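Remarks on the structure that follows.
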Amino acid sequence: MTTLSIIAAKYGTGTGEESGLSELRNEFFGNGTSFRGWVRTRSFDSIWFRNVEGSKVRNGRKFPMAALIKKGKKHDHPWPDNIDPNCDNPLKYLSYFKPLDEKPKPVTLAFEKPLIDLEKKIIEVSQLAEETGLDFSYQINLLEAKYEQALKDLYTHLTPIQRLNIARHPNRPTVLDHILKILLIFNLMKWVELHGDRAGYDDPAIVTGLGSIEGEVYMFIGHQKGRNTKENIKRNFAMPTPHGYRKALRMMKYADHHGFPIVTFVDTPGAFADLKSEELGQGEAIAHNLRTMFGLKVPIITIVTGEGGSGGALAIACANKLLMMENSAFYVASPEACAAILWKSSSAAPKAAEKLKITAQEHYRLRIADGVIPEPLGGAHADPIWASQQIKLAILRAMEELRKMDSEELIRHRMLKFRAIGQGGYKEDGQVEPEKKRRMKPSEVNVPTTAEIESQLEELKMNILEAKGTFDPTTTEAIRKLEQDLDEEMTKAFISMGLQEKVKSLKLELTRAPPNKPLSTPLKEKGDKIVQEFKRNLSRPGAYLRLKQKLRTLSTVNRLIKLKEKTERLKAEVNQKIPPEIKVKIGHYKKTLEKQGSSDQSSLSEELQTLRKELEDALKSANLEIVAISKRNDQPGASPDAKEKVKKLNKEISREIENAVKNTEIQKKIQELKEEILRDSKSEKAQKLEAEIKKEISSALSVTPLKEKAENLEKELASSSSTTRATVGVDNGRL
């Protein structure tokens, strides 16, 4: 109902009120016509009229008011008031689905933009031919042939995400479009739409009805999208509520009772997941449909015309034959949702669509779909009639096979089809070994743990520091692998942060920039902005922990490599400043030491002292300051027996440290320290925890006789040789 006007007369007392009402009557009803008489003479179409005689105000005065309400409707049925008695097909009046008043506007998808340029050229040449009167037929035919070839090349090599975009195209034929075109024979349509779930609701997102194909009656059920925004809102974007699924269930039971084959059309992003639907039993309604469909005794054919999302699609798709349109999609989760879960960004939807295997071709290859229905180049919206007729032919071919089965065979056929899918009837790599792949997350396969990473880092440190000259191939390969792993983690982080497209754009601009010239200010600012955003996202607590760990590892390795290179340069400089005669003496001493071995090294002590004194004097004369002289326990005087004692003491200390760490409190602090280091290794909390752990380990070792043993061994080694001293000590749990 639409209220056109509410008119109030002037109010007041005495003459003012009467004069105001008189003016109102004269203006609307004419002189000499009473208001009540005027109402009696009017014919209203379902118009409600209420005469408001007056309303008291605070001061007790009244004012008269008249309300005129028009534009009512007698009924809520789809047929017009005046039906043509000579109409050949009165059934078309029983549906709310009417032709659109305006033709839908053309919509161009992102990957179709190259075709638009060719279309514009064809239009421009055609207009030029009309304006000038010249013959441009050759050029137009050439452009049209080029357009057809480009269209063919584009639509024969579509990616999964492109096919999904076609399935979601706003102008793609809806379920009712297909049904009406399938059932239209000689301008006579045999179709009656049925409504309601017999519980007081009729969900417009699911349409049901009876139709006849070649003399046989079918029950049609499908998700109905809108053809424009207004219809989409009315149809809830083809997302059914529990009422819709119960409506579909009622029609399935009706078809089963009367022996009508069931044809279902799937085109929905999923069941409506609002709070009200959950309260009304959305999951129960879907589950009830799944259970019931496996017991129906009539043939069931499902056609996926657009997108089929999760259980909302499967609730009417437990069929004997599952057929998919060429550019349709069937998935358990939308690529955007999957990308947001796995890669923390919906921009990775193309990658997710490829991994999910959502296309009709993949479903047919995996033996989930029983056939693929072809579409015209450009999608079903390019030629809806042809696409609908292909669906009709597919239904008839499927019915030829299913008609040969009795009720029990149909139920068994349906059960075996889905059991084969559920049990993994399709094996991509042959025999699957369930004991090896059970409960194994793909993201955690072959991923090194934190302990393994720390062990690799320690090994790398030793190899780098002990290397003489260039690194051995094993160390070089380990560093290369670490850099490769870091690149992969960085790429995942950029995708997760949504920076991948920005980085690609920056790389493209850098390739266009002139070489050997400084970068422009806008390009520098763009790069700095990306770096700042990356660092800001990386600095979030608890985020990208594995990436942070690998960054720290590579940073440590690079620092050690630089230190090694600096040490090598310093050694080369020192060697240049050592006189040649001292180098000869050092070489002679090494050869003598190798010949004598450990049998008699006491005679070399005086020679070693003299050689050391000469070397110190030479370095001082070269203006080099001697800070300390390293003494190793493998020099003359350190016997194999002493080395064995040191080794044995090391093992005892390590064993005692392990026993001390088994303490529950120390273990908790070590775990807490690891987590804190992953967040920020230089934080005050990390330093405090490290000091506490060291203190507790030291106090645990102080009650053992290890300290006394170490001191005794140190005295023994010192007395065994005046030139060599092996020092053994405990420092923070390390030997």
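In this text, all values refer to a predicted model and were calculated from it rather than measured experimentally. Computation of the quantities below employed the complete heavy-atom set of this structure, encompassing side-chain atoms and omitting hydrogens, waters and symmetry-equivalent molecules.
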I need the K103 NZ to N171 CG distance, nearest 0.5 Å. 9.5 Å
Measure the shortest side-chain to side-chain distance between L183 and I213 over non-hydrogen atoms and say whether it is less than 4.5 angstrom. yes
Determine whether T174 and D177 make a side-chain contact, defined as any pair of heavy atoms from C-beta on separated by less than 4.5 Å. yes
Which heavy atom of I316 sits nearest to which heavy atom of H223, and what is that distance? CD1-CE1, 3.2 Å
According to the interplanar angle, ranging from 0 to 90°, do the rings of H258 and Y254 count as parallel (below 30°), tilted (30 to 60°) or perpendicular (above 60°)? tilted
L151/Y155 under side-chain contact (heavy atoms from CB on, under 4.5 Å): CA gap, chis, key distance, verdict: CA-CA 6 Å; L151 182 66; Y155 273 84; 3.6 Å; yes
Salt bridge present between E214 and K190 (N-O < 4.0 angstrom): no
Taking the side chain as everything from C-beta on, heavy atoms only, tell me whether I303 gets closer than 4.5 Å to T264. no
Closest heavy-atom pair, A255 versus I262, reported as atoms and distance to 0.1 Å, is CB-CG1, 3.8 Å
Do Q282 and Y245 touch side chain to side chain, with heavy atoms closer than 4.5 Å? yes
Exercise: identify the closest heavy-atom pair between A398 and I301: CB-CD1, 3.8 Å
Carboxylate-amine/guanidinium contact E375 R163, below 4.0 Å: no
Going by atom types only, do T229 and N232 share a side-chain donor-acceptor pair under 3.5 Å? no
Side chain of K247, backbone of I206: donor and acceptor closer than 3.5 Å? yes
Between D370 (side chain) and L322 (backbone), is there a donor-acceptor pair under 3.5 Å? yes
Does the ring of F97 carry R227 above it, NZ/CZ under 6.0 angstrom from centre and within 45° of its axis? yes
Audit row: D406, K297, salt bridge (Lys or Arg N to Asp or Glu O under 4.0 Å) steps and yes/no: CA-CA 8 Å; D406 59 22; K297 299 176 182 179; over 6 Å; no
With a cut-off of 6.0 Å (strictly less than), are more than 12 heavy atoms of other residues, nucleotides or ligands near CD of E408? no
Sidechain-backbone polar pair: T156 side chain, D153 backbone, donor-acceptor under 3.5 Å: yes
When you measure from the side chain of T208 to the backbone of L194, do you find a donor-acceptor pair of N or O atoms at a distance under 3.5 Å? yes
Name the orientation class of the two ring planes belonging to W191 and F220 (parallel below 30°, tilted from 30 to 60°, perpendicular beyond 60°). perpendicular
With a 4.0 Å cut-off, would you call E400 and R397 a salt bridge? no
Flag the pair E336 and R168 as a salt bridge only when some basic side-chain nitrogen lies within less than 4.0 angstrom of an acidic carboxylate oxygen. yes
Tell me the closest heavy-atom pair linking Q224 and P204, and the distance in Å. CB-O, 4.2 Å
Below 30° counts as parallel, above 60° as perpendicular, anything between as tilted: where do the rings of F418 and F294 land? perpendicular
Any side-chain donor near an acceptor of the partner, T241 and S277, under 3.5 Å: no
All heavy atoms of A313 vs all of F330, minimum pair found to be CB-CE2, 3.6 Å
Apply the test salt bridge (Lys or Arg N to Asp or Glu O under 4.0 Å) to residues E216 and R403: give CA-CA distance (whole Å), side-chain angles for both, the deciding distance (0.1 Å), then the verdict. CA-CA 12 Å; E216 186 173 6; R403 201 176 283 115; 2.9 Å; yes
Donor-acceptor contact present, side-chain N236 to main-chain A238, <3.5 Å: no
Considering residues, nucleotides and ligands other than I385, do more than 12 of their heavy atoms fall under 6.0 Å from its CD1? no
Test salt bridge (Lys or Arg N to Asp or Glu O under 4.0 Å) on R365 and E362; report intermediate values, then the result. CA-CA 5 Å; R365 185 178 68 85; E362 288 291 344; 2.8 Å; yes
Judged by modelled atom types alone, do Y331 and E307 share a side-chain donor-acceptor pair under 3.5 Å? yes
Note, V298 side chain near P261 side chain (heavy atom, < 4.5 Å): no
May I ask you to test the K504-K502 pair for a side-chain heavy-atom distance under 4.5 Å? no
Salt bridge check, E231 against R235: does any charged N sit closer than 4.0 Å to a carboxylate O? no
Is any side-chain heavy atom of F111 closer than 4.5 Å to a side-chain heavy atom of I166? yes
Do V263 and F265 come within less than 4.5 Å of each other through their side chains, counting heavy atoms only? yes
Rounded to the nearest 0.5 Å, what's the gap from NZ on K181 to CG on L176? Could you check? 10.0 Å
What are the two closest heavy atoms between C318 and R414, and how far apart are they? O-CD, 3.4 Å
Taking H363 for its side chain and T359 for its backbone only, find out whether a donor-acceptor pair lies under 3.5 Å. yes
Please assess E124 against I122 for the test side-chain contact (heavy atoms from CB on, under 4.5 Å), listing each intermediate value before the final yes or no. CA-CA 6 Å; E124 288 174 2; I122 294 172; over 6 Å; no
Ion pair present between K225 and D267, side-chain N to carboxylate O less than 4.0 angstrom? yes
Keeping H381 on the side-chain end and G378 on the backbone end, is there a donor-acceptor pair under 3.5 Å? yes
Near Y201 OH, under 6.0 Å, is it more than 12 heavy atoms from other residues, nucleotides or ligands? no
Is E131 reaching over with its side chain to a backbone N or O of L128, donor-acceptor style, under 3.5 angstrom? no
Below 6.0 angstrom between ring centroids: does that apply to F237 and F272? no
Lys/Arg-Asp/Glu bridge criterion (N-O < 4.0 Å) met for E401, K321: yes
Would you find a donor on one side and an acceptor on the other, under 3.5 Å apart, between the side chain of E112 and the backbone of L109? yes
Counting only N and O atoms by type, is there a donor-acceptor contact under 3.5 Å from the side chain of S310 to the main-chain atoms of G312? no
